[in-house]
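The shown structure was predicted, so the numbers you read here are calculated from the model rather than taken from an experiment.
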Amino acid sequence: MAQILQGRFGFNLKTSRSLRPLVLNLSRMNFSTLNGNHGIRHPQRRILQPSNVPLYMTPRRTYAMIVARILRGALKLRYLVLGGAIGGGMTLNKKYEEWRDGLPDMKWLDDVLPDNEQWHKFSKSLMSVGEAVRDSIEIDPRLKKISEEKLAEWRAWFDNRLDNAIEAAETTTNPTVEGSFQTLSDIISDMYGVTKEELKAKHLVETKGMSGAEEAHRKHQTMQQQIEELQAEMMTVQLKYQKELEKLERENKNLRQQYLILKSNRKSGAKKIKKSLIDMYSEVLDELSGYDTNYTMADHLPRVVVVGDQSSGKTSVLESIAQARIFPRGSGEMMTRAPVKVTLSEGPYHLAKFNDSEREYDLTKESELAELRREVELRMRHSVRGGRTVSTETISMTVKGPGLQRMVLIDLPGIISTVTVDMAADTKDSIHQMTRHYMSNPNAIILCIQDGSVDAERSNVTDLVSQCDPLGKRTIFVLTKVDLAEELADPDRIRKILAGKLFPMKALGYFAVVTGRGRKDDSIETIRDYEERFFKTSKLFHRSGTVMPHQVSTRNLSLAVADRFWRMVRETIEQQADAFKVTRFNLETEWKNNFPRLRESGRDELFEKAKGEILDEVVNLSQISAKKWEEVILNTLWDKLSSYVFENIYLPAAQSGSPNSFNTMVDIKLRQWADQSLPARAVESGYEALQKEFLELLELAKKSPDHDDIFDNLKAAAVDEAIRRYTWEDKAIDMLRVIQLNTLEDRIVTDKGEWDQAVRFFEASVKEKLNLTENTMAEMFGPSAWQRWTQWKYATDEQQKRRNVKGELDKILVSDSKHPPTLSYDELTTVRKNLQRAGLEVDTEYIRETWYPVYRRHFLQQALLRAYDGRKAYYLYVTQNRDRGDCTLNVNDIILFWRIQQVMKVTTNALRQQVINREARRLDKEIKAVLDEYSEDEDKKIQLLTGKRVSLAEELLRVRKIQERLEEFINALNKEK
């Protein structure tokens with residue numbers, strides 16, 4: 001106390017000479033600091049110091065005090081370090097003892113394995129046995145020599161290998177390997193007779209022991225880095241390639257449009273000079289094939305229509321005129337099933353070709369004749385669709401050869417009297433209708449074929465011909481098989497037929513021909529020689545009578561038909577051309593009135609334009625950013641997985657009762673899920689995302705100002721068909737399964753950002769399910785009190801009943817917030833009896849149905865509270881021992897949703913790469929294939945491109961083309977005159 005008063009420790013207490021007693025005025029003291037009232041400030045704080053006693057406190061710090069404080073801090077740090085080391089050592093020792101106690105007891109091996117003395121005795125016995133054997137066995141000198149040579153060879157090989165190994169090794173030493181090398185040198189010195197020092201001086205081998213694994217790991221990391229760099233470079237090159245493809249697609253579109261415009265407007269002068277007159281006329285008839293118009297103007301251009309009963313020989317007559325057996329043949333079977341237009345013209349070589357093909361068939365070769373007949377039969381069968389027997393689709397072909405008369409003939413199916421079981425029910429009527437259609441043309445020349453070997457009364461064709469041409473001004477009658485008729489029929493009867501006195505029909509001329517001897521293998525030359533010999537030797541046609549020489553033979557028939565054909569053409573062609581001019585003018589006027597700002601585009605041009613627009617939208621898929629793809633795929637994936645995650649994984653695990661069982665059940669279910677259904681569902685999500693984005697591009701294109709709705713049906717049909725055919729790559733499922741299984745193995749969140757994302761993901765998912773549950777409860781329990789008062793809504797009797805049950809169930813949940821998901825028998829009984837007291841009779845099943853949404857909402861609300869708590873739980877999750885379950889906060893559900901979120905991320909990334917790199921191009925390929933198929937299917941174009949605009953443009957283009965071809969033909973015809 002004296003030291004304090006003397007100022008030894010930094011204070012000088014200066015007082016007056018005489019110390020006075022200190023008197024306190026308690027009435028003026030402030031006790032706020034004693035009772036805790038610190039909020040009131042007082043100006044005077046010096047309570048124990050009177051005003052008349054001065055107190056001087058001068059702080060002063062000496063060097064001794066500073067040194068003492070330094071020594072005290074150093075000693076304190078030493079004690080802390082020493083205490084920590086001792087405590088850590090004791091903890092480590094305790095851990096080692098626990099680990100050693102946990103090892104299995106291996107003392108039983110001492111009783112089984114021999115000790116050191118037993119091993120020593122055993123080795124000595126082996127050495128003694130070896131010496132005894134060596135002394136008792138003498139080796140053959142030759143065998144010994146061979147062995148020494150072989151040993152020398154092995155020694156040289158080992159030296160070579162050892163030298164190579166030493167050259168490849170590094171020069172540093174390793175003590176761990178030196179011991180191993182020492183033992184190895186002992187063995188080698190025994191084998192080679194070399195000392196250890198010499199071997200060590202000659203061959204110094206260096207290895208790195210345990211560093212070899214590290215070196216391999218480092219090489220693996222280097223190679224992995226190189227692979228990643230190569231993948232990035234490949235991705236860059238692929239993007240550049242994709243951009244170049246997009247550029248080429250756009251250029252191709254422009255070139256295609258220019259080509260279509262040039263193709264529709266250009267006129268090829270070179271082809272006009274090369275075409276013959278009959279070829280030009282045949283092209284006009286091809287344009288008129290199937291022509292239909294709203295202006296009541298039919299096709300009245302001349303052509304020769306070959307009609308007759310089935311098996312009457314009409315096809316044989318046409319082959320005789322064409323001088324080639326170009327049609328398939330059958331015995332009693334209908335072979336002609338569709339109209340065949342044959343254009344005959346003169347040329348240096350005997351050739352045939354179809355108008356829609358460039359291949360020419362050499363008619364002088366039997367092999368090509370057989371191929372031509374086979375092709376005709378295939379085209380006929382292909383033209384018959386829908387279970388029908390005959391078709392109206394015309395097969396057009398051209399036959400050229402020396403001495404052929406120029407004309408156009410139409411071979412029609414033969415007229416039948418009875419429909420057989422293998423024919424369609426309307427076959428007979430269809431043939432009659434088709435025959436009438438062709439004969440109703442007022443300028444058509446009717447070549448009526450009648451079988452001379454059957455009774456005239458059995459003829460069906462003559463009645464049809466007489467109805468269409470009652471005056472016979474354009475009919476030529478042909479009697480076939482007269483060689484058979486000479487033996488079977490009355491000669492006078494045949495003369496009456498050729499004189500036109502037997503049938504009621506009339507004709508310009510009557511002809512008798514022989515079309516063969518009934519042999520399929522006979523050539524046309526053989527048939528014509530037979531016909532010529534027959535008419536020279538026949539008694540029927542050499543007797544004096546009405547039959548004139550010019551009425552027999554196929555040659556005379558061909559000349560007469562050709563002469564009549566060209567006479568009819570010259571008489572009617574001008575009139576037909578004028579009629580088409582009028583039709584063209586009317587159609588152009590109607591087009592200008594209805595579509596004044598549009599050009600006349602036919603179906604082919606419209607189809608090409610629509611095809612280009614569809615392919616442009618496919619190209620636009622590559623312009624979608626990777627971020628947009630990941631967002632779309634992620635949303636689609638979660639829509640598919642959310643229900644399964646909640647109902648099959650989260651809810652059963654969360655209701656299991658304990659964190660350990662929760663984690664065990666989650667691991668089992670996640671692995672089963674990833675191994676079985678998750679990869680397939682992921683692929684479905686990628687497929688749907690690709691389809692969704694492509695359809696959105698098409699819908700966005702519809703909103704553009706230059707959109708043409710005439711393509712909508714075609715685009716929709718092509719895209720639907722392509723998507724129906726399109727399938728995701730097969731190996732994608734296996735690849736996704738491996739990625740997903742590896743990702744689910746990770747159970748530790750190491751990043752705060754990922755933790756926050758998982759919490760938000762868990763919270764949003766729970767809120768979504770909670771909203772659905774509340775909507776279900778609103779339907780089950782009726783409107784709330786607020787809705788009843790503000791919206792005038794009322795609950796039904798059933799809803800009121802459910803509401804009463806819900807009130808009893810809410811009491812159970814209030815009393816036990818951790819109630820299990822099912823009600824016990826006692827609880828069901830209690831609820832039922834309470835409701836009975838209130839006058840409501842319900843059964844246990846009714847209570848369970850009401851309990852399910854009530855408990856579900858309660859559980860989701862509890863889960864939502866855990867999500868709120870998990871927002872700030874990451875520090876507690878990291879610092880405490882998670883594996884031992886010491887964490888006071890239950891975050892298992894957040895970890896589960898983090899794992900699911902990670903799986904969804906890697907899956908989305910993999911699917912996005914597949915979409916950009918492969919699947920978009922595969923979809924493009926499917927769409928192109930569908931469009932190529934549609935481009936060859938005229939029926940599909942007619943079905944998908946409809947409307948007045950299309951039909952009017954199509955008709956106008958066809959009439960314009962026909963009128964131009966007619967004018968071209970008329971100019972050539974006038975020049976020939």
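Between the S391 side chain and the S383 main chain, a donor and an acceptor come within less than 3.5 Å of each other. At distances below 3.5 Å, at least one donor-acceptor pair connects side-chain atoms of R603 with backbone N or O atoms of L945. Counting only distance, with no hydrogens or angles, the side chain of D751 and the backbone of E754 share a donor-acceptor pair below 3.5 Å. Counting only distance, with no hydrogens or angles, the side chain of E368 and the backbone of D362 share a donor-acceptor pair below 3.5 Å. Looking at S357, its side chain never comes within 3.5 Å of a backbone N or O of F354 through a donor-acceptor pair. Without hydrogens or angle criteria, T427 side chain to M423 main chain gives no donor-acceptor distance under 3.5 Å.
In terms of the side chain to side chain contact (heavy atoms under 4.5 Å, CB included) criterion, residue partners of I410 (sequence neighbours excluded) are, by chain and number, R303, P339, K341, L412, Y438. Applying the ring pair (Phe, Tyr, Trp, His ring centres under 6.0 Å) rule to Y281 yields the partners F565, F969; only residues at least two apart in sequence or on another chain are considered. With sequence neighbours excluded, no residue forms a side chain to side chain contact (heavy atoms under 4.5 Å, CB included) with N775. Evaluation of the salt bridge (charged side-chain N to carboxylate O under 4.0 Å, His left out) rule for R922 yields E919 as partners, not counting sequence neighbours. Residues that satisfy the ring pair (Phe, Tyr, Trp, His ring centres under 6.0 Å) test with F711, not counting sequence neighbours, are absent from this structure. Every residue two or more places apart in sequence or in another chain that forms a side chain to side chain contact (heavy atoms under 4.5 Å, CB included) with D712 is listed here: K702, H707, D709. Looking at residues two or more places apart in sequence or on another chain, you find a side chain to side chain contact (heavy atoms under 4.5 Å, CB included) between Q757 and R760, Q901, K905.
More than 12 heavy-atom neighbours from other residues, nucleotides or ligands sit within 6.0 angstrom of NZ on K353. Remark: D730 CG is loosely packed, at most 12 non-hydrogen atoms of other residues, nucleotides or ligands lying under 6.0 Å away. Heavy-atom neighbours of Q433 CD from other residues, nucleotides or ligands within 6.0 Å: at or below the threshold of 12. A 6.0 Å sphere centred on CZ of R671 holds no more than 12 heavy atoms belonging to other residues, nucleotides or ligands. The environment of NZ in K400 is sparse: at most 12 heavy-atom neighbours from other residues, nucleotides or ligands sit within 6.0 Å.
Salt-bridge formation is not detected for the pair K592/E588: no Lys NZ or Arg NE/NH1/NH2 atom is positioned less than 4.0 Å from an Asp or Glu carboxylate oxygen.
Nearest heavy atom pair, residue A674 against residue L744, reads CB-CD1, 3.6 Å. The shortest non-hydrogen separation linking I431 to P413 is CG2-O, 3.8 Å.
Sorted by first and then second residue, the pairs that involve residues 719-739 and meet ring pair (Phe, Tyr, Trp, His ring centres under 6.0 Å), not counting sequence neighbours, are Y687-Y726. For residues 593-620, the pairs satisfying ring pair (Phe, Tyr, Trp, His ring centres under 6.0 Å) are W591-F595, with sequence neighbours left out. Residue pairs that meet the side-chain hydrogen bond (donor to acceptor under 3.5 Å, both in side chains) test with at least one member in residues 934-944, sequence neighbours left out, are D604-K941.
Just one residue in the list E600, E954, E967, E955 forms a salt bridge (Lys or Arg N to Asp or Glu O under 4.0 Å) with R960, and that residue is E600.
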For residues 761-770, which side-chain donor-acceptor pairs fall under 3.5 Å, sequence neighbours excluded?
unit_1	atom_1	unit_2	atom_2	d
E763	OE1	R871	NE	3.4
E763	OE1	R871	NH2	3.0
E763	OE2	K767	NZ	3.1
E763	OE2	R871	NH2	2.7
S765	OG	F761	O	2.8

Side-chain polar contacts of residues 718-725 - donor-acceptor pairs under 3.5 angstrom, sequence neighbours left out - could you list them?
unit_1	atom_1	unit_2	atom_2	d
E721	OE1	R724	NE	3.3
E721	OE1	R724	NH2	3.4
E721	OE2	R724	NH2	2.5
E721	OE2	R725	NE	2.9
E721	OE2	R725	NH2	3.3
R725	NH1	E933	OE1	3.4
R725	NH1	E933	OE2	3.1
R725	NH2	E933	OE1	2.7

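No side-chain donor-acceptor contact under 3.5 Å links R337 and T389. Looking at T398 and N355, their side chains do bring a donor and an acceptor atom within 3.5 Å of each other.
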